[in-house]
Amino acid sequence: MIQGASISLFVCVVEEGSFSAAARVLGVAPSSVARQIQQLESALGARLFQRTTRKQSLSEAGELYYHHAKRAAEELDAARSGIARMTGAPAGMLTVTVEPDLAVALISPLLPEFLRGHPEVKVKLLFSSPIADLVEGRIDLAIRMGQLKDSSLVARKLFDSHSQLYASPAYLKAQGTPAHPSDLAGHQCLSFRTSAGPSFWRFDTPDGPCDVPVSGPVQANGLAFLKALAVSGCGVVMMPEWAVREQLDNGSLVPLLAEFVSLPAGTPVSAVYAERRQLEPKTRAFVDFLTACLPKS
């Protein structure tokens, strides 16, 4: 008899692209995945994968089996989720989409503790900057920065993200330290940009909000990349405080113009999920955990 676990494992191998990738997701040894696939092929009497030394692909039988197994795995997962809702025990695969910078700085340090406290939950993180469709993608939860625009979703604010200017001691020694936002016109500014056009940084000053045009050698849409450039002395960067805590602690970056608040003063970081009458225990447990562990500002 073919077990539901074997069906789910087969689907995982297909969607992850290899035995080793599926093993990492499932938290088992690649040899265990290979053995279970061999047992499944033996039970079916057909080879599901075409294997060479360089790649692995589905056979014709594998294509047919995947078409049906995918639906079966989804039904099994729905059944497990339904039972989990009845028992109140967090369990099953929790799929979370989150921007890479947020994942590395905020989620990865906390995830081991969450998994220790909820051993029946497995977490699948999707690192994606574009906003994913939670319903279409069968995603349980998104961690997003900014105001929620889709009214069909629910947002639970985790904390407010505050940005500030930073630079390396070496850069400031060579180029001087700005005393006012207007001084940034004479500095190399590393800008976070997702679209073309002029770049402005906005500050709250005694004379009111001030838009400062900035320019520099690099624009990018990755905080980690810009942070690395700032640490190496390439220029001044504006980014959230949570993204540079390690660099502030070791002195590789120092804050600038702290008396001038960058605008907007606070950007919400929220846990976002599809509107449901009853949130699944695995999702609720993770949201409650993040709310308790993350700083509120």
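All of these numbers come straight from a predicted model, not from anything done at the bench. Worth knowing before you read on, the calculation uses all heavy atoms, side chains too, and leaves out hydrogens, waters and symmetry mates. Residue numbers start at 1 and run along the sequence shown.
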Q: Using side-chain heavy atoms (C-beta onward) and a distance below 4.5 Å, is Pro240 in contact with Leu223?
A: yes
Q: Using modelled atom types and a 3.5 Å cut-off, is there a donor and acceptor pairing between side-chain atoms of Ser270 and backbone atoms of Val272?
A: no
Q: Of Ile139, Leu153, Leu141, which is the lone residue that meets side-chain contact (heavy atoms from CB on, under 4.5 Å) with Tyr273?
A: Leu141
Q: Determine the minimum heavy-atom distance between Ala243 and Gln247, stating which atoms define it.
A: O-OE1, 3.8 Å
Q: Considering only heavy atoms from C-beta outward, does the side chain of Thr291 approach that of Arg156 to under 4.5 Å?
A: yes
Q: Are Phe203 and Val254 connected in the hydrophobic side-chain network, where two residues link if heavy atoms are under 4.5 Å apart?
A: yes
Q: Does some side-chain heavy atom of Phe127 sit less than 4.5 Å from a side-chain heavy atom of Val104?
A: no
Q: With a 4.5 Å heavy-atom cut-off, do Val237 and Lys227 have their side chains touching?
A: no
Q: Grab the two heavy atoms, one from Lys157 and one from Pro268, that are nearest each other, plus how far apart they are.
A: CD-CB, 3.7 Å
Q: What orientation do Phe286 and Phe114 show, parallel under 30°, tilted 30 to 60°, or perpendicular over 60°?
A: perpendicular
Q: Is there a donor in the side chain of Gln38 and an acceptor in the side chain of Ser42, or the other way round, less than 3.5 Å apart?
A: no
Q: Under the side-chain contact (heavy atoms from CB on, under 4.5 Å) test against Ile143, which residue among Leu125, Thr97, Val269 passes?
A: Val269
Q: Distance from Leu290 atom CG to Ile107 atom CD1, nearest 0.5 Å?
A: 5.0 Å
Q: Quick one: are the ring centres of Phe10 and Phe49 less than 6.0 Å apart?
A: yes
Q: Should Cys12 and Leu26 count as side-chain neighbours, where that means a heavy-atom distance under 4.5 Å?
A: yes
Q: Mind checking what makes side chain to side chain donor-acceptor pair (under 3.5 Å) contact with Trp201, not counting sequence neighbours?
A: none
Q: How many angstroms lie between CG in Leu165 and NE2 in His187, if you round to the nearest 0.5 Å?
A: 10.0 Å
Q: Mind checking whether Leu44 and Val33 sit in one hydrophobic cluster, side chains of I, L, V, M, F, W, Y counted as touching below 4.5 Å?
A: yes
Q: To the closest 0.5 Å, what do you measure between CD (Gln36) and OG (Ser32)?
A: 4.5 Å
Q: Within a radius of less than 6.0 Å around CD of Glu15, do more than 12 heavy atoms belonging to other residues, nucleotides or ligands occur?
A: yes
Q: Below 4.5 Å, heavy atoms only, C-beta onward: do Val25 and Met93 meet side chain to side chain?
A: yes
Q: Check for me, please, whether Leu263 and Met238 land in the same ILVMFWY cluster - side-chain distances under 4.5 Å, paths through other members count.
A: no
Q: Evaluate side-chain contact (heavy atoms from CB on, under 4.5 Å) for Leu126 paired with Val98, printing each intermediate quantity in order.
A: CA-CA 6 Å; Leu126 303 176; Val98 58; over 6 Å; no
Q: Do Leu40 and Tyr65 have side chains that get closer than 4.5 Å, going by heavy atoms?
A: yes
Q: Any chance the rings of His118 and Phe289 have centres within less than 6.0 Å?
A: no
Q: Okay, side chain of Asp288, backbone of Ala285: is any donor-acceptor separation there less than 3.5 Å?
A: no
Q: Is it true that Asp140 and Lys124 have a side-chain N and a carboxylate O under 4.0 angstrom from each other?
A: no
Q: Could you walk me through whether Gln56 and Phe19 satisfy the side-chain contact (heavy atoms from CB on, under 4.5 Å) test, starting with their C-alpha distance in whole Å, then the side-chain angles of each, then the deciding distance to 0.1 Å, before giving a yes or no?
A: CA-CA 9 Å; Gln56 163 189 300; Phe19 288 7; 3.4 Å; yes
Q: Show the nearest heavy-atom pair for residues Ala179 and Glu259, with the distance to one decimal.
A: O-OE2, 4.1 Å
Q: Return the minimal non-hydrogen interatomic distance between Glu16 and Ala22, and the atom names on each side.
A: CB-N, 3.9 Å
Q: Do Val154 and Phe159 sit in the same hydrophobic cluster, where Ile, Leu, Val, Met, Phe, Trp and Tyr count as joined when their side-chain heavy atoms come under 4.5 Å apart?
A: yes
Q: Does Glu74 pair with Lys70 as a salt bridge, N-O distance under 4.0 Å?
A: yes
Q: Just by distance, do the side chain of Thr267 and the backbone of Met145 share a donor-acceptor pair under 3.5 Å?
A: no
Q: Has Arg138 got more than 12 heavy atoms of other residues, nucleotides or ligands less than 6.0 Å from its CZ?
A: no
Q: What's the spacing between Gln188 CD and Gln175 CD if we round to 0.5 Å?
A: 7.0 Å
Q: Please check this pair: side chain of Tyr171 against backbone of Val231, looking for a donor-acceptor N/O pair closer than 3.5 Å.
A: no
Q: Taking the side chain as every heavy atom from C-beta outward, state whether Leu226 and Val218 have any atom pair closer than 4.5 Å.
A: yes
Q: Below 4.0 angstrom, N of the basic side chain to O of the carboxylate: do Glu241 and Arg245 qualify?
A: yes
Q: Using 0.5 Å steps for rounding, measure from the SG atom of Cys210 to the CZ atom of Arg202.
A: 9.0 Å
Q: Can you check side-chain contact (heavy atoms from CB on, under 4.5 Å) on Leu256 and Val236, steps first, answer last?
A: CA-CA 9 Å; Leu256 305 175; Val236 177; 3.9 Å; yes
Q: Is there a side-chain contact (heavy atoms from CB on, under 4.5 Å) between Phe260 and Asp204? Walk through the geometry before answering.
A: CA-CA 6 Å; Phe260 296 97; Asp204 187 11; over 6 Å; no
Q: Does the Ser8 side chain pair with the main chain of Ala5, one donor and one acceptor, at a distance under 3.5 Å?
A: no
Q: Under 3.5 Å, is there a donor-acceptor pair linking the side chains of Asn250 and Ser252?
A: yes
Q: Looking only at non-hydrogen atoms, find the nearest pair between Leu229 and Ser232 and report the distance.
A: O-OG, 2.7 Å
Q: About how many Å separate CG of Leu110 and CG of Leu294, when rounded to the nearest 0.5 Å?
A: 5.5 Å
Q: Quick one: does Glu41's side chain have a donor or acceptor within less than 3.5 Å of a partner on Leu48's backbone?
A: yes
Q: Determine the minimum heavy-atom distance between Pro90 and Glu120, stating which atoms define it.
A: O-CB, 3.6 Å
Q: Would Phe192 and Leu106 show up in the same hydrophobic cluster when neighbours are defined by side-chain heavy atoms closer than 4.5 Å?
A: yes
